[in-house]
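Read the structure below first, then the notes.
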Amino acid sequence: MAQRTALYDLHVAAGAKLVDFAGWDMPVQYSSLIEEHEAVRNSAGIFDVSHMTAVDIHGPQTRDYLRYLLANDVARLQRGKAMYSCMLAEDAGVIDDLITYFLSDEWFRTVVNAGTTDKDLAWMQQQAADFDVQIKPRRDLCILAVQGPQARNKVADLLPGDDAQAVLDLAPFSAVQLVEWFVARTGYTGEDGFEIILSAEDAKGLWQHLLNNGVAPCGLGARDTLRLEAGMNLYGQDMDESTHPLESGLGWTVAWEPEERRFIGRTALEAQRGSYARKLVGLVLEDRGVLRAHQKVFTAQGEGEVTSGTFSPSLRHSIGLARIPREAGDQVEVDIRGKRLPARVVKYPFVRHGKAQIEI
Amino acid sequence: MSNIPSDLKYASSHEWSRLEDDGTVTVGITDHAQDALGDLVFVEVPEAGQTVAAEDACAVVESVKAASDVYAPISGEIIEGNADLADRPELVNDDPYGEGWLFKLRPDNADDLDNLLDADDYEASLED
């Protein structure tokens with residue numbers, strides 16, 4: 001029996017098509033994936049991402065613990081700010097990627113992926129043995145992402161004056177804990193917006209109010225096209241325990257300085273630092289057709305593989321991410337059902353804040 | 001509820017076939033199939049002159065999420081692929097039994113259509 005979020009009945013009422021995702025019955029789309037995608041690029045959409053779990057870490061050694069646990073360094077964070085990081089195994093394989101919010105010296109919050117929640121929690125507990133911290137998965141809380149150029153105002157409109165001002169004042173990648181809601185100006189779409197962590201009852205109310213105010217309900221289908229256009233990795237597809245951050249386009253999330261910080265996976269990753277053989281790149285398919293995960297990529301320097309691919313509704317072209325030999329040039333070919341089609345290597349993001357970042 | 005015209009024949013793999021007055025057969029995918037696939041973004045149709053056997057994969061429809069093969073419902077020779085779909089794949093979503101047709105073929109034997117499902121049987125197959 002698949003798990004359901006607290007909003008399941010509301011998804012059904014909104015006409016959702018439901019699919020199994022990491023053991024959860026989740027909406028993949030409501031009316032049309034492309035319309036949902038465009039709502040987020042042009043106005044506002046709302047996603048129920050309560051299949052992900054908020055994990056609170058409390059205790060006097062919270063900061064020291066996270067500096068050991070994560071490849072990025074929470075010491076770089078100011079209070080109220082968010083940070084993206086990988087959590088690595090000793091061999092530098094990626095156990096998960098997560099966002100960490102610094103709420104107070106003795107309270108940080110992370111959000112972990114649905115498919116990895118159980119192994120993440122086991123790993124986090126195991127690594128916590130030598131630290132004075134408590135790790136509390138907040139399965140009681142829902143997570144809603146409200147994204148798009150109008151998203152922040154749509155949310156603020158529902159809040160009393162002081163709270164409305166507090167959330168509108170949030171800088172990008174910042175968060176605030178209101179009395180009932182935790183509101184962060186973060187997301188997975190390349191647009192402005194909020195991710196809101198709140199009780200199940202509040203989540204149902206917020207969902208309904210935003211739908212009534214013209215915010216489009218959006219499913220995992222649009223979430224995937226939006227994140228890929230925004231050049232954001234998807235765990236389990238673009239990286240996993242068999243790949244390290246440097247070959248996953250995530251070198252920028254590894255904090256090498258200060259040198260004395262011994263985070264898990266550092267030794268193995270340092271050994272790879274100059275010599276790793278593959279890189280993650282953006283691809284644009286020159287012709288008609290659609291890039292899909294696991295298609296083979298041919299370069300003059302050897303073969304690679306598409307890790308994520310889709311049709312980009314914003315660019316009206318197929319785009320993807322691929323792991324290819326590090327020395328490969330900008331022109332490659334992709335095997336699409338037995339035909340080799342030319343593709344161009346590009347810098348991503350492909351789309352950000354509603355605007356194309358690459359030439360088509 | 002999806003639209004299943006009673007004058008067409010159906011394959012359980014969700015193709016429809018219509019015998020035209022000139023003896024050719026027009027083939028497309030059903031309303032149920034286009035709805036399940038979602039917004040189509042790419043359609044590859046067969047070229048005229050190609051011969052196909054029943055159940056050969058001979059066209060591809062791709063939505064944002066996934067690619068699906070389309071199978072020839074009966075054996076014959078392709079006489080035309082729908083060229084409009086190259087620029088307007090959404091025609092398959094908007095009008096699956098009309099402008100969104102995929103290809104026309106000249107059947108080896110028009111009686112082969114009798115092996116396909118009628119509308120009631122196809123509808124029943126969707127409920128299984």
Side-chain angles (χ1 to χ4, degrees), chain A residues 15-21 26-41 218-229 234 237 285-295 306 308-320 334-339 341 351, chain B residues 1-3 13-15 29-47 49-50 52-53 55-72 78 81-96 99-100 102-103 126-127:
Chain A
K17 277 199 178 114
L18 295 148
V19 295
D20 178 78
F21 181 85
M26 295 300 291
V28 63
Q29 68 170 61
Y30 298 82
S31 54
S32 148
L33 190 162
I34 290 178
E35 285 170 20
E36 291 162 30
H37 180 106
E38 287 171 350
V40 172
R41 287 275 177 257
C218 298
L220 295 182
R223 188 169 166 82
D224 193 54
T225 53
L226 289 158
R227 72 91 191 167
L228 190 48
E229 285 187 351
L234 175 61
Q237 223 168 280
L285 193 65
E286 304 278 11
D287 295 333
R288 296 180 201 276
V290 186
L291 297 167
R292 305 282 183 193
H294 308 303
Q295 287 168 346
V306 175
S308 285
T310 194
F311 176 83
S312 158
S314 303
L315 302 173
R316 315 298 299 172
H317 254 265
S318 181
I319 59 170
V334 183
D335 182 333
I336 299 184
R337 285 189 306 277
K339 283 186 206 156
L341 300 182
V351 179
Chain B
M1 203 54 225
S2 69
N3 175 20
S13 47
H14 309 294
E15 296 83 6
I29 64 168
T30 64
D31 185 39
H32 171 85
Q34 70 76 21
D35 185 59
L37 286 164
D39 299 315
L40 291 188
V41 295
F42 175 69
V43 177
E44 190 176 293
V45 295
E47 289 179 12
Q50 186 181 335
V52 293
E55 301 180 14
D56 276 359
C58 64
V60 176
V61 288
E62 295 206 37
S63 67
V64 182
K65 288 297 287 178
S68 296
D69 286 319
V70 178
Y71 301 95
I78 303 291
N82 185 350
D84 292 343
L85 300 180
D87 288 323
R88 298 178 64 200
E90 65 275 12
L91 288 174
V92 178
N93 293 116
D94 297 342
D95 191 9
E99 283 191 274
L102 295 182
F103 55 88
L126 298 181
E127 286 159 9

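Just so it is clear, the model here is predicted, and its values are computed rather than measured. Letters A, B, ... mirror the listed sequences (proteins, then strands); counts begin at 1.
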TODO: Would you mind checking which part of R337(A) comes under 4.5 Å of any heavy atom in chain B, side chain (CB onward), backbone (N, CA, C, O), both or neither?
DONE: side chain
TODO: Tell me, for R288(A) versus chain B, whether the close heavy atoms (under 4.5 Å) come from the side chain, the backbone, both or neither.
DONE: both
TODO: Give, as side chain, backbone, both or neither, the part of A66(B) having an atom under 4.5 angstrom from any heavy atom of chain A.
DONE: backbone
- [ ] Go through the atoms of V43(B) and report whether side chain, backbone, both or neither lie under 4.5 Å from a heavy atom of chain A.
- [x] neither
In Å and rounded to the nearest 0.5 Å, what is the [atom1] to [atom2] distance from [X] to [Y]?
X       : Y       : atom1 : atom2 : answer
E44(B)  : I336(A) : CD    : CD1   : 9.5 Å
L285(A) : F42(B)  : CG    : CZ    : 8.5 Å
S32(A)  : E90(B)  : OG    : CD    : 11.0 Å

TODO: Check R292(A) against V64(B) and note the closest heavy-atom contact, atom names and distance.
DONE: NH1-O, 2.8 Å
- [ ] Check each of T310(A), T225(A), V28(A) against K65(B) using the side-chain contact (heavy atoms from CB on, under 4.5 Å) test, and report the only one that passes.
- [x] V28(A)
